Amino acid sequence: MGIVDIIIGIVLFFLIILIHEFGHFAVAKLCKMKVREFAIGMGPRILKKRVGETLYCLKALPIGGSVSLDEDVENDDPRSFRNRPVWMRMLVIAAGAFMNFVLGFIFCVIYILISKNIATNTVSGFYAGSVSSAQLQRGDIIKEINGMSIYTTMDISFQLSNSVSRDQGAQYYSYDFVVERDGETVQLHDVKFASRAYAQMIADYTVLVGEETGYAGLITEYYDPETDTFTEAFETLSANDANAEFCAGVTEITEKYKEAYPKETNSLFLDFYVLPAEKTVGNVIGAAFTTFISDARLIWVSLINLLNGTYGLNELSGPIGVVQSVGTAASFGWSSLMTLAALIAINVGIVNLLPIPAMDGARLVFLIIEAIRRKPIKAEHEGMVHFIGIIALMVLMLVVTFNDILRLFSGG
């Protein structure tokens, strides 16, 4: 990752913050609210300029931004945030996340446009070493995997990699599929995928057999990976000197497999590829929309996994980690960069809508309560809740930044 990639990461991070705060700012202006300050970053100001009643500034810490509307202050100014109609205040608060979603969708469109083709969920063929072809067929449209609806190829990869059916180190990984086949919905139970090492062994054996006849179609006729032993069929075969070269090849393949099998990289082998779709305006917009929905769901599932302990706090990333990840993605090309950019933009939108003190979601909750009871909550009470939230978020930011720095120096 070079300096250009790091700069791209920083620019993208600031763009996502800027578009979020601009959403609040623009809607506040449209609603005739007084905007005291529009800031990118947190901490002390390093650049500032006043235009009219609004102070525009850049702050030292690149970990957020703010639009100051005196939302926690009670006064008599009719243009003050708290004195505007509650529906206007809701629009202002929701506008930040909405703009992140718009930006995320734009990134999805760009990703689709620069991709070679639009990937579908229709099985087009199988790679050498495939075992899922025992149940999946060409032309199958994948609808569900282990109960999760499938919209994009990312959904397929995510579910196969993260489902509870996955067992690291196993020779087979088993899943339940729902596919559309010849216009009918078909349920497929216990669809097996091989580990990478096992699939490579099957593929190598296929190459070894080639055009020769008289040999078994699968290497498992000669070698049992469960017990790590050769079968009687292989012993009979190797007793004939005419098969010496072939048997030596089988032995070499199994030794290669046994060396690779215990390694952590011996993950599931996705053994089929999907049918590409023609790029039309409708297909591009449709694919961008399904990618957006898929990304949003992936983020939501990840948040749930964080809460239930599937992921640890040490796996969270702050600004340094985000910039590093974006820089790494940029080094792989624009397609990878746009994929990650969409995820980050949508993630910022979703997280901001969570009902966490100091987040936009918590402010929306207070406004909803106000709309129901037709009476605002006292500014000092709401302000105290958000102040506590800000302190907690700052502590969390320090923790994740510390983790980012550790990963940066450890190469993790």
Side-chain angles (χ1 to χ4, degrees), residues 4-27 30 40 65 91 94-122 124 141-143 148-159 161 270 273-303 317 322-353 360:
V4 174
D5 300 324
I6 295 175
I7 292 173
I8 290 173
I10 294 173
V11 169
L12 180 61
F13 185 78
F14 270 92
L15 175 62
I16 291 171
I17 294 173
L18 179 64
I19 200 71
H20 178 92
E21 298 304 335
F22 177 77
H24 294 311
F25 172 82
V27 176
L30 288 173
I40 300 298
L91 287 179
F98 175 77
M99 289 301 295
N100 283 132
F101 294 147
V102 170
L103 183 63
F105 182 76
I106 291 172
F107 286 143
C108 289
V109 171
I110 295 173
Y111 162 70
I112 298 298
L113 286 173
I114 64 179
S115 298
K116 290 182 179 179
N117 49 55
I118 299 175
T120 68
N121 297 339
T122 302
S124 180
I141 303 173
I142 300 173
K143 296 295 186 180
M148 174 177 149
S149 297
I150 301 299
Y151 303 119
T152 67
T153 51
M154 181 179 289
D155 289 341
I156 295 173
S157 299
F158 177 82
Q159 187 66 341
S161 299
L270 183 55
Y273 47 93
V274 297
L275 192 69
E278 180 185 359
K279 278 188 182 180
T280 64
V281 174
N283 283 348
V284 168
I285 297 300
F289 179 75
T290 54
T291 299
F292 178 92
I293 296 299
S294 174
D295 287 354
R297 182 177 57 173
L298 187 152
I299 292 164
W300 186 250
V301 169
S302 298
L303 286 172
S317 287
V322 170
V323 170
Q324 184 183 16
S325 297
V326 171
T328 301
S331 68
F332 285 105
W334 283 100
S335 182
S336 297
L337 177 61
M338 289 299 100
T339 300
L340 183 58
L343 276 169
I344 295 172
I346 297 168
N347 181 76
V348 170
I350 290 175
V351 170
N352 267 278
L353 288 178
D360 295 337

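For this chain, numbers begin at 1 and follow the sequence in order. As the structure is a computational prediction, the values presented were derived from the model and not from experiment.
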Taking all non-hydrogen atoms of both residues into account, name the closest pair between [X] and [Y] and its distance.
| X | Y | answer |
| --- | --- | --- |
| Ile112 | Ala287 | CD1-CB, 3.9 Å |
| Cys108 | Asp295 | SG-OD2, 4.1 Å |
| Ile16 | Ala345 | CD1-N, 3.9 Å |
| Asn121 | Tyr151 | ND2-O, 3.1 Å |
| Val27 | Ala95 | CG2-CB, 3.5 Å |
| Ile346 | Gly104 | CG1-CA, 4.1 Å |

Among Val348, Ile350, Ile17, which residue meets the side chain to side chain contact (heavy atoms under 4.5 Å, CB included) test with Asn100?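 With Asn100 as partner, Val348, Ile350, Ile17 yield a single side chain to side chain contact (heavy atoms under 4.5 Å, CB included), made by Val348.
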What's the spacing between [X] [atom1] and [Y] [atom2] if we round to 0.5 Å?
| X | Y | atom1 | atom2 | value |
| --- | --- | --- | --- | --- |
| Leu103 | Leu15 | CG | CG | 5.0 Å |
| Asn347 | Leu298 | CG | CG | 10.0 Å |
| Met338 | Ile110 | CE | CD1 | 5.5 Å |
| Ser157 | Ile150 | OG | CD1 | 9.5 Å |
| Leu343 | Ile299 | CG | CD1 | 5.5 Å |
| Leu340 | Leu12 | CG | CG | 7.5 Å |

[Y] and [X], any side-chain heavy atoms less than 4.5 Å apart:
| X | Y | value |
| --- | --- | --- |
| Asp155 | Arg297 | yes |
| Tyr273 | Thr153 | no |
| Asn352 | His20 | yes |
| Met154 | Thr339 | yes |
| Asp360 | His24 | yes |

Which label fits Phe25 and Phe22: parallel for a plane angle under 30°, tilted from 30 to 60°, or perpendicular past 60°?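 Correct class here is tilted.
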Would the number of heavy atoms belonging to other residues, nucleotides or ligands and lying under 6.0 Å from CZ of Phe292 be above 12?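 Result for CZ/Phe292: enclosed.
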Looking at Val274, is its backbone amide N or carbonyl O close enough to the side chain of Thr122 to form a donor-acceptor pair, meaning the two atoms are under 3.5 Å apart?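 Looks like no, no N/O pair under 3.5 Å.
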Is a donor on one side and an acceptor on the other found under 3.5 Å between the side chain of Lys279 and the backbone of Asn117?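 Here the side-chain-to-backbone pair does not exist.
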Just do the side-chain contact (heavy atoms from CB on, under 4.5 Å) check on Ile106 and Tyr111 with the steps written out, would you? CA-CA 9 Å; Ile106 291 172; Tyr111 162 70; over 6 Å; no
